[in-house]
Peer 1: 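Okay, handing you the structure first.
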Amino acid sequence: MPDVTERLDALRQAIQYHAHRYYVLDDPVISDAAYDALWRELVALEAEHPELATPDSPTQRVPGAPAERFAKVRHPAAILSLSNAFAPAELHAWRERLLKLLPQEAQASLLYVVEPKIDGLSVILHYEKGQFVLGATRGDGEVGEEITANLRTVKALPLAIPTPTTLLAQAPCSGRGTSPDSLSAAGEGQAVPGRLVVRGEAYTPIADFQRFNAEQAQTGERTYANPRNFAAGSLRQLDARITAGRPIRLWVYQIIALEGEGIVEPATQWQALGFLRQLGFPVAPGAALFDDFEALVQHCIAWGETERRALPYEADGLVVKVNDFALQRRLGYVSREPRWAVAYKYAAEEAVTRLLDIKVNVGRTGTLNPYAVLEPVQVGGVTVTNATLHNEDYVRDLDIRVGDMVAVKRAGEVIPQVLRPLVELRTGEEQVWQMPERCPVCGGQAVRMAGEAAWRCVNSACPAQLVRGVEHFVSRGAMDTAGFGIRQAELFVELGFIKDLADIYYLEPSRLLELEGFGDKKVANLTEAIAASKSRPPARLLTALGIQGVGAVVAEDLMAYFDSLDVLAQATLEELQAVPGIGPVLAQSIMDWFAQAPNQRVLARLKAAGVAMSRPATSLAVAEAQSLAGLTFVITGALPSMSRDEAREYIKTHGGKVTDSVSKNTSYLLAGDSPGSKLEKATRLGVPVIDEAKLRELAAG
Ligand code: IVH
């Protein structure tokens, strides 16, 4: 099959190339839609030809089943840490120590590389013959944890090197019909090392962190204190499918081991960065080479005030390294810290101020979130007046009292956070705080459910929840309704135009036109955007509903399993738990949501308004697919011409469901030879028993 092989190759290379432009170079050359088209074609072709699968195909970032625990990996060389310098004088002192250890001639020509010090999780990546084969955390510097499956999901991480960075530069592949010839070059003529181990930092951009945390908070799931904890927590998931949904990026900065024929080994750190970049690794921009140490110190001081603040990710300092590897070896290290490098760290952006009051706001799912009202204070160049206190336990565990002097930090450089009270400054006037038992917005009862950190307002008609619920519904990751945001949500709820989520689709343009600032054009655009949102895929609608625990990833998983929201709404606890990644708590939360009468009403009205509830129907397969829709089967015994797995697939492709045990909800027991106890139970419950021939009849409609 030369054609297919060639096309597969071309697609893989094109996807790799465009992913590299997007994730590594931050400079995409084709639209997301064009990229998706390539991706879909590759997935379809690989599904048709499983025999042509390759481990480095971009589709192979998709993880398998969860691990029980992480294996241990011994690093090929000690993974060192860094000593710190907190002031220019300490940088000078570091250099003095160096100079004493070096011969005169080396001192004269000493060069230094300065790199951003990214605040993330240190990772060690192993490549054999250009293939990514193993990835580990730093651990204690000798032995780390194996997190290969998690790291494979990180899109900036090359699964194979060299990554074709230059190919296609003239002819971006944007879909079918691209000549495979143009895709066959390798990246910048760099030979593939037989073995390469590199070290880098996995991190999460600040904006992605904030977006993700906000979503987690709204669905009542755990939030993370800062991007670093988030990245570390995400990469240390036993179930890599969770990592796959997390925004993790990577910068690589060190070669730990390198072997191979025809490789020109870098002799300096500066060359190493170029070498890594050429192989297709993401290398942080902003590294600089200095021969003048005074200029280097000035750079360190200035950078903290300028570039550092503009970075889309957190950097807690700069790393200063002796450039020449021969000199590095000569200098060696003491107690796991190299003498040849030092971290210049900026003082944490912390300040002390008085906690004037603790107030509570209400999140989308009704969570009551305590926050601090502070005497205004400058933190990292910004005046801070409010800071998060996370939840009741945080306030209690840290014994934060109203009137306390507190340390405040800007976590993720943006959301300020109360770190701790300064107990030694207490006067005795401070007040212990209590979580209110009523919702501050609607006055409804608040409760704290067992096993949850948050208190929740249980009044589903609470306007605070509705506004946030609407905001979430129309947001980009959900129904993506352009021109509809928090301000419109607040306004329409306040005016009573929106009393539940379905009302979004029943807004009357004539009434909107009466509102201040709503001209013909604006109303037309809004109406059009709302209408367009009706055809979003059902997974988006499911995300939009804001069921506790059901974010975008879970929604995708569920809708890959159930054909429509109607089918999902009928699912039993057992059926829900059959979906990979859905545990008993989540299954219960989903069941509970669909069982509520107001929610059923919302769904019915969404459907009546024309909002798509099922995946788009295509061609013939659909007519077939529906023949068993709404029917639940249990299979037992040996069937004459198909295995039980095949029967299961057959039923599913015709729209039916298969469960493991017989209940009164079972439509048919499909029984073959030696059926066993299921037959007995079916007979007892009056469930009809059919054979394979009858199944085929039913499926044929
Ligand atoms: S060099 C011997 N370079 O900072 C080499 N480290 O506090 C030691 N880090 O554990 C590391 N960016 O996780 C180096 N450009 C960079 C870095 C960097 C971030 C982290 C790394 C290390 C920690 C040391």
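Remember, it's 1-based here, ligands and their atoms both numbered in the order they're listed. Every value quoted in this text rests on a predicted model; they were computed, and no experiment measured them.
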Peer 1: With rounding to the nearest 0.5 angstrom, report the CG to CG distance, Leu327 to Leu98.
Peer 2: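 Taking CG in Leu327 and CG in Leu98, the distance rounds to 9.5 Å.
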Peer 1: I want to know whether Phe281 and Tyr127 have ring centres closer than 6.0 Å.
Peer 2: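 Centroid separation for Phe281 and Tyr127: below 6.0 Å.
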Peer 1: Less than 6.0 angstrom separating the ring centers of Phe290 and His299, yes or no?
Peer 2: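 Phe290 vs His299: aromatic centres under 6.0 Å.
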Peer 1: What short N/O contacts, under 3.5 Å, does ligand 1 make with the protein, listed by atom pair and distance?
Peer 2:
residue  : atom   : partner : partner atom : Å
ligand 1 : 3 (N)  : Lys321  : NZ           : 2.9
ligand 1 : 4 (O)  : Lys117  : NZ           : 3.1
ligand 1 : 6 (N)  : Tyr253  : OH           : 3.4
ligand 1 : 7 (O)  : Lys117  : NZ           : 3.2
ligand 1 : 10 (O) : Arg199  : NH2          : 2.8
ligand 1 : 12 (N) : Ile118  : N            : 3.2
ligand 1 : 13 (O) : Ser122  : OG           : 3.2
ligand 1 : 13 (O) : Glu201  : OE1          : 2.6
ligand 1 : 13 (O) : Glu201  : OE2          : 3.3
ligand 1 : 15 (N) : Glu115  : OE1          : 2.8
ligand 1 : 15 (N) : Pro116  : O            : 3.2

Peer 1: Can any side-chain N or O of His75 pair as donor or acceptor with the backbone N or O of Arg138 at less than 3.5 Å?
Peer 2: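 Here the side-chain-to-backbone pair exists.
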Peer 1: So, the side chain of Thr148 versus the backbone of Gly135: is there a donor-acceptor pair under 3.5 Å, distance only?
Peer 2: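 Yes.
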Peer 1: CD/Gln210 to CZ/Phe230 distance, rounded to the nearest 0.5 angstrom?
Peer 2: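 It is 11.5 Å, given to the nearest 0.5 Å.
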